[in-house]
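First listed ligand is number 1; within each ligand, the first listed atom is number 1. This one's a predicted model, so the numbers in the text were calculated from it and none came from an experiment. One is the number of the first residue; the rest follow in order along the sequence. Quick note: numbers below take in every heavy atom, side chains included, and nothing from hydrogens, waters or symmetry partners.
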Amino acid sequence: MKATARAHTNIALIKYWGKRDESLILPTNSNLSVTLDGFSTETTVHFREGLKEDSFLLNEQKVEGAALGKIAVFLDKVRALYGKEIYAQVQSVNHVPTAAGLASSASGLAALAAASSKAIGLSLDNMELSRLARQGSGSASRSIYGGFVEWQMGEREDGLDSYAVQIADQSHWDIRIAAVVLSKTVKKVSSREGMRRTVETSPFYAGWLEQTAKDLQEIKQAIIAKDFEKMGSVAEANCLRMHATTLGANPPFTYWQDTTMRVMQTVQNLREQGIPAFFTIDAGPNVKVLYLPEDEAKVKNSLQAMEDVEDIIISKPGSGISYM
Ligand SMILES: O=C(O)C[C@@](O)(CF)CCOP(=O)(O)OP(=O)(O)O
């Protein structure tokens, strides 16, 4: 009972930023991402009779404590679906440089959902797989698919209607996403804690929720029409509004550091030079820049010329789950 799966990470263009149910990981708003071809996790799960507990090797390092606990809790959901107490050896190889500020939990939990369900003998379709991955980490629900993906928030309390669907596959549009790696990043508030504090205490949260539903509709039209300026400007505005909510939280916090804002300024300067480039930022100081292939040299040169920018990692829209 063994299987291996690969999943790519994704970058939200309309942010998931708040839960209506913490234990089932149900979001307060529908959201949308693009899966990246540059970053992936391969996970092998081997269920074996006689094992007394789950074990986890990440990049050949034994993982214990809370990180192992999170995997075991997730595998409990797979065991419950299958209806049998059987433990597993899990091995993951992460091709997501954490320094790039990309959430490896999205590709990690999506690959785990696919490999564990297949290994135990469940043949889940993508909807069921997305629903399972969601219970590991919300953004993982989107990595089941390639290209442009919407996580529909759903209405049901049991979450059966909260899963991702593909809006357009990775061949739909040849855009570029550059992850700007900063040389120094400060310890950040985790996305889970950040969204919890914001939902519970920020007076700006209601405004965020109302506007993000409109942003989602607008960006979907822009993606289908391949209107890059519209897609980029909606994504950048949505990101700024998400981060504005954290400033109103109690206690207030921000994920941005000085370099973050300098990269934002560089992107806005590119636009003043007539180059369509837009930024988005998640629960950390790193910036991702959206641009078109023909502008790659100018965008890269502008970003690489900056102090404290260590590297630029470029991705195209990537593919969804695959089994090896
Ligand atoms: O990716 C996005 O939509 C926006 C964010 O990256 C933040 F900017 C949130 C990702 O949250 P995640 O790590 O999935 O949280 P979990 O469900 O508590 O595990």
What part of R142, side chain from CB on, backbone N/CA/C/O, both or neither, has a heavy atom under 4.0 Å from ligand 1?
side chain
Between [Y] and [X], do the side chains contain a donor N or O and an acceptor N or O under 3.5 Å apart?
X    : Y    : value
S162 : W151 : yes
Y205 : T28  : yes
E42  : H95  : yes
N94  : S92  : no
T35  : N10  : no

Any N or O of [X] that comes nearer than 3.5 Å to an N or O of ligand 1?
X    : value
S191 : yes
R192 : yes
N10  : no
M242 : no
K15  : no

Can you list every salt bridge (Lys or Arg N to Asp or Glu O under 4.0 Å) pair that touches residues 82-96, not counting sequence neighbours?
E49-K84
I need the full list of salt bridge (Lys or Arg N to Asp or Glu O under 4.0 Å) pairs touching residues 164-182, with sequence neighbours left out, sorted by first then second residue.
D174-R176, R176-E296
Consider ligand 1: state whether an atom of it lies below 4.0 angstrom from any non-hydrogen atom of I25.
yes
Using a 4.0 Å cut-off to any heavy atom of [X], which atoms of ligand 1 qualify?
X    : result
K19  : 16 (P), 17 (O), 18 (O)
G138 : 14 (O), 16 (P), 17 (O), 19 (O)
M195 : 9 (C), 11 (O), 15 (O)
A12  : 1 (O), 2 (C), 3 (O)
A283 : 7 (C), 8 (F)

So which protein heavy atom does [atom] come closest to, and at what separation?
atom                    : result
atom 9 (C) of ligand 1  : Y16 O, 3.5 Å
atom 14 (O) of ligand 1 : S139 OG, 2.7 Å
atom 19 (O) of ligand 1 : S137 OG, 2.7 Å
atom 6 (O) of ligand 1  : D282 OD1, 3.4 Å

Strictly below 4.0 Å, N to O, side chains only: are D215 and R241 in salt-bridge contact?
yes
Stacked cation flag K118 on Y323, 6.0 angstrom / 45 deg:
yes
Is the NZ or CZ atom of R48 positioned over Y87's six-membered ring, under 6.0 angstrom from the centre and within 45° of the axis?
no
